[in-house]
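Heads up, the thing below is written out as structure tokens.
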Protein chains: 2
Amino acid sequence: MKQGATVTRVDDAYERLKDEILQNRMPPGFQAPEPEIALRLGMSRTPVREALIRLEASGLIELIPRRGARVLPVSPTDMREIYEILTALEPEAAAGLARSRPTAEMLAGLAEATDEMEAALERNDLEAWAVADDAYHRRLLALNENRRLSAIVGSLFDQAHRVRMITLRLRAPPTESTREHREILHHIQAGNVEVTRTVFRHHRERAARELLSILENYRLPGL
Amino acid sequence: MKQGATVTRVDDAYERLKDEILQNRMPPGFQAPEPEIALRLGMSRTPVREALIRLEASGLIELIPRRGARVLPVSPTDMREIYEILTALEPEAAAGLARSRPTAEMLAGLAEATDEMEAALERNDLEAWAVADDAYHRRLLALNENRRLSAIVGSLFDQAHRVRMITLRLRAPPTESTREHREILHHIQAGNVEVTRTVFRHHRERAARELLSILENYRLPGL
DNA sequence: GTATACCGTAATGCATGCATAGGTTCGCGT
DNA sequence: ACGCGAACCTATGCATGCATTACGGTATAC
């Protein structure tokens, strides 16, 4: 078991570091020089460096010449930027999906995620709700045939992940949001392209408003 | 003059290779192993490798395990993807700009580019027209305060650059396109957010239609 | 003539070496 | 005690070394 998918050290480093960042184990502002990271990952600087370059391209870290890698904080401005783009792109992706008249089978993952969101909301399990929400959006993306769009939106999800998890408990129960997901799924199934786009857009706009107002109310300048 | 902007070899390699690709001197499908590229750039493999990783993240090349770096061809499907995203994002950027009520001074670059497009069209100088068109779109982006959006759209421009240059001569004179640019500029100046968005969207949709039909008519499967 | 197996070649993935240049700290002078 | 400077330390940027392994070509067998 040494070749198979050819898991290179660079890939391993990338995945591990990305995970550490998204799970907030390497919090925003955290900084470490290459040799230290290499030591922690048990490999030489070379693959670490290459992984860091990719993480920088993904918008998760910043490489500062003599200071090492720094986990980027996400400011309210960043969130505004991210949601502005998501608001423009995700409805497009959903509309495209509706246009392609997917089979019920293809939408099974979406339906399942929706069920889980509703169940999680019912028992007030915010953690599970967030997981299902993430799954919903990512599955929607995966169904889209526009690879570039999927990649871009996926990257933005990653950048916003921490903030969403943190604000999860600072907001009202996502009743409305859950309902909207169900509604969007319906419209996709019905192949109603324009309505899908519109509803999804409203969904994102509302989410952005809520999130930004939380960041403002709680004075969270960078997460 | 050795520090200043600290031009690292990685940056140099990245810029040079990107330029070679965009100018079609390294045509799509072109393939070369790292040592060869390193030799050509007069540096060791290490900085070349790092530059290649960034170029891959930019969507310009593909790194194939034992074959080296390959300049990615852009297929009609790719162009459809790219224009789909641009159609969603650029109107947003333009609308945002209109909303911010920019001063005439800030729009000077746009106005200038528009003038140049009209002048170039007048004297049938397609090359100059393309340059002005590119300048128009990039300046519009630069005025946008959403950095991420600018970066994404800029990257897509780069990916589409070659195809646009090649199809330039295969299409009818861009009379309509030039007019639309002028119109969009007017609406931005007038601060008419919604109209800006709509007109820009039509602009992109028309451009996409024209371009894709050219690719189809001339049977250009990958450029 | 075609298919297969073997071998040589060469590219990659990664480790390591090294010079340079920032940053830091410690000590000195005021 | 505080500010300033010099020496040290260390991170980086890059070069190089090295084992592994895929690829291509050739020779052989059918």
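Residue numbers begin at 1 in each chain, while the letters A, B, ... track the order of the sequences. Here the structure is a predicted model, which is why all the values come from computation and not from measurement.
- B:Q31 CD: more than 12 foreign heavy atoms inside a 6.0 Å radius.
- The side-chain hydrogen bond (donor to acceptor under 3.5 Å, both in side chains) pairs that include a residue from residues 139-152 of chain A are A:R148-B:D78, A:R148-B:E81, A:R148-B:Q159, where partners are two or more places apart or lie in different chains.
- Looking at residues 52-62 of chain B, you'll see that no heavy atom sits under 4.0 Å from any atom of DNA chain C.
- Rounded to a whole Å, the CZ atom of A:R49 is 15 Å from the P atom of C:dC14.
- Straight-line distance from the CG atom of B:D12 to the C1' atom of D:dC14: 13 Å, rounded to whole Å.
- Put simply, CD1 on B:I64 is 10 Å from P on D:dC23, counting in whole angstrom units.
- Distance CD (A:E50) to C1' (D:dT12): 15 Å, rounded to an integer number of Å.
- The listed nucleotides are D:dA15, C:dA15, C:dA21; the one nearest the side chain of A:R66 is C:dA21.
- The heavy-atom pair separating A:L63 from A:A69 by the smallest distance is CD1-CB, 3.7 Å.
- In A:E205, the CD atom is crowded: over 12 heavy atoms of neighbouring residues, nucleotides or ligands sit closer than 6.0 Å.
- The side chain of A:T46 sits closest to C:dC14 out of D:dC14, C:dC14, C:dA11.
- Taking atom CD on B:E34 and atom P on C:dC14, their separation rounds to 12 Å, with Å as the unit.
- Side-chain polar atoms of A:S177 and A:W129 form no donor-acceptor pair below 3.5 angstrom.
- For the side-chain contact (heavy atoms from CB on, under 4.5 Å) criterion with A:E62, the lone passing option out of A:L72, A:V71, A:L52 is A:L72.
- Taking only side-chain atoms of A:P33, from C-beta outward, the nucleotide of D:dA15, C:dT12, D:dA11 with the closest atom is D:dA11.
- Straight-line distance from the CZ atom of B:R9 to the P atom of C:dA19: 15 Å, rounded to whole Å.
- In this structure, CD of A:Q31 is placed 12 Å from P of D:dA11, rounded to the nearest angstrom.
- Taking only distance into account, the side chain of A:R45 meets the base of D:dG13 through a donor-acceptor pair shorter than 3.5 Å.
- Residue A:R25 places its CZ atom among more than 12 non-hydrogen atoms of other residues, nucleotides or ligands, all under 6.0 Å distant.
- Distances were taken from every side-chain heavy atom of B:V10 (C-beta onward) to each of D:dA11, D:dC23, D:dC14; the shortest belongs to D:dC14.
- Among the nucleotides C:dT24, C:dT12, D:dG13, the one closest to any side-chain atom of A:R67 is C:dT24.
- Here the nucleotide nearest the side chain of B:S44, chosen from D:dA15, C:dT12, D:dG13, is D:dA15.
- Atom CD in A:E36 sits about 8 Å away from atom P in D:dA11, given to the nearest Å.
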